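The structure appears below as structure tokens.
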Amino acid sequence: MKSSYIKHVAERQLRNKTSFSQSVSNSLTMAYRGLLKIRRTPEQLFDVTLQPIIFTLMFTYIFGGAISGNVQNYLPVIIPGILVQTVITTSIVTGVQLREDMDKGVFDRFKSLPIARIAPLAGALLADTIRYTIAAVLTFTMGYIMGYRPDGGLGHVAIAALLVIVCSWAISWIFAFFGVIARTASSVQGISMIVLFPLTFLSNAFVPAETLPEWLQWFVKINPISHLVTAVRDLTNSGTVGWDLSLSLIGAAIIVAIFAPITVRAYMRRT
Amino acid sequence: MSNVNRREANPNNGDWAVEARGLVKTFGDNRAVDGVNLNVRAGTIYGVLGPNGAGKTTTIRMLATLLRPDAGSARIFGHDVVKESQIVRQLIGVTGQYASVDESLSATENLVIFSRLLGLGRAEARRKAADLLEEFSLTEAAKRPLKNFSGGMRRRLDLAASLIAQPPLIFLDEPTTGLDPRTRNQMWDTIRRLVKTGSTVLLTTQYLQEADELADRIAVIDHGRVVAEGTVNELKASVGTSSLQLSIQNPMDIQVARQTVEQVLKVQSTVSSEVGKITAPMADADRVTDLLIALRDAGIQLAELSVQKPTLDEVFLTITGHGVKEDASKASDESDKVREVIV
């Protein structure tokens, strides 16, 4: 064997704690792995490419006339709504793929390496932001093709897209948690849809909240998705930054603060 | 079975690579590991031998920090696997029963990612990957996705991945299960070379031959417990002494020959009359000379003479009371029969 002689245990520098910079660098390496996997299997990007195209077309032409009188007036309402709905729905895939990935032997190796415990999870979630970016760009592109001209300008549209990507990344920790504790990938899909479907539809994403019965308005107004949609509308349609944006970011931070540690803990326990 | 290549446990190195005390792991009602003690000296190959479901993999997974023990404790080079798990991970390499590499990536990509995770720089990681691939004769397949790899290639890559950080202790969980004999021999050579560089290897196996070929010491594990421990020779000796087998040229002489054998060696012998063969336990090798002289004096012509050492198979049967591949349920009524055949 060519490799040099093994260093004696006593000569090694051993540390029982992983530093913050090591955690970041490990997570980035794991994200690189995620990107390589996406490049090797581009067919897994079907959903993020087709969903924005189909949903934007479908919802705009179905609801446009009924809600805003015509399609043109509905675009400033629906594009931010579709953006939030599509990108957040995409984050379910994170949990599903994590479940599938964890069943493979390679996760045993990750666990046996002296790397930050959070890295395999954080890396996978980080790599998935590429999916959210694709979905966001396609939704805005579809809107533009259909005649959407946001008054906020390109800069604010970009900030809005970034906001949605950040919030989806935060929410993907919830699905990552489901992914870690669930037995099968399909059950992750099932649970996540049940959670996400009411959240995205019982919001102001597709219809103005004022048209809803009062008891429902109450829920729609506290629904974090509504705040995110409003924040996006403010940014894209008027270029303003409001309380809704702060609320969305605070909400995202809270979700990460709760779900990242319990997900890592569950991941460590499950073997 | 050859003992030619066996090295003695390195006496000037008093370090224990593994010290496990009373390890227990329960899955539901099943006590998969039920109080396992293991001591592995640094620089040796240690074999954990047992049938399927004996608790070998669970034991390894606890020692490799992949599973938390329900009870008991384990130290790797003096570091506790639970309290100092991150230190332990810096000292071990794990090659699982199922290849722990990324199926959708190429061999190079796998090794580069593991190297980067272990703190190597970009260029350094590439060089390390290339070196290891060459060392394990995988250079040609470096860019191919692993889906097209044979079982042997996958195992080699898996082992290569475990060696990136040059860990002083390597766990190999059934490294040759499912490999063809040629690939198995290559794997054995690789493992032997590993130990020459100063590594300690703890391997599990279902194959007695593998333990015999590779391991300095062996623990036989059954139903989650260590049922025997020692060097290969100690284990073989624990079953009993070697046996002397004599074939007689003229079958008519067999009764006389048998009497002579029993008188001179002072033991009970058995006879299989159809081939004219006498088998007797050989406690004292010196007496064989007396026996041969006595036989010549009696005018008995020998066709063949051989000494049979007990095999590890017999060791296993004797210790566990059942065959390696056998179900525990069948064991009780069959073990008696089996023993009669052996003795």
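Within every chain, numbering begins at 1; the chains are lettered A, B, ... in the order of the sequence lines, protein sequences first and strands thereafter. Every value quoted in this text rests on a predicted model; they were computed, and no experiment measured them.
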Original post:
So, D102(B) and K37(A), do they make that salt bridge, N to O below 4.0 Å?
Top reply: yes
Subject >> Pair E109(B) + R40(A): basic N to acidic O under 4.0 Å >> reply: yes
Can you tell if the side chain of [X] reaches within under 4.5 Å of the side chain of [Y], non-hydrogen atoms only?
{"X": "D158(B)", "Y": "R109(A)", "answer": "yes"}
{"X": "I115(A)", "Y": "F114(B)", "answer": "no"}
{"X": "R117(A)", "Y": "Q86(B)", "answer": "yes"}

Contacting moiety of [X], where chain B heavy atoms sit under 4.5 Å:
{"X": "F107(A)", "result": "neither"}
{"X": "A119(A)", "result": "neither"}
{"X": "S112(A)", "result": "both"}

**OP:** Count the heavy atoms of every other residue, nucleotide or ligand shown that sit under 6.0 Å from CZ of F201(A), and state whether that count exceeds 12.
**Re:**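 More than 12 heavy atoms, drawn from other residues, nucleotides or ligands, come within 6.0 Å of this atom.
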Original post:
Should we count CZ of F27(B) as having more than 12 external heavy atoms under 6.0 Å?
Top reply: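 Check passes, neighbour count above 12.
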Spacing of [atom1] belonging to [X] relative to [atom2] belonging to [Y], to within rounding of 0.5 Å:
{"X": "R33(A)", "Y": "S104(B)", "atom1": "CZ", "atom2": "OG", "value": "7.0 Å"}
{"X": "I113(B)", "Y": "L113(A)", "atom1": "CD1", "atom2": "CG", "value": "11.5 Å"}
{"X": "L117(B)", "Y": "S27(A)", "atom1": "CG", "atom2": "OG", "value": "9.5 Å"}

Original post:
Which atoms of A17(B) come close to chain A, meaning under 4.5 Å heavy atom to heavy atom: side chain ones, backbone ones, both, or neither?
Top reply: neither
Original post:
Just checking, R116(B) and Y32(A): is the charged tip under 6.0 Å from the six-membered ring centre and within 45° of the axis?
Top reply: no
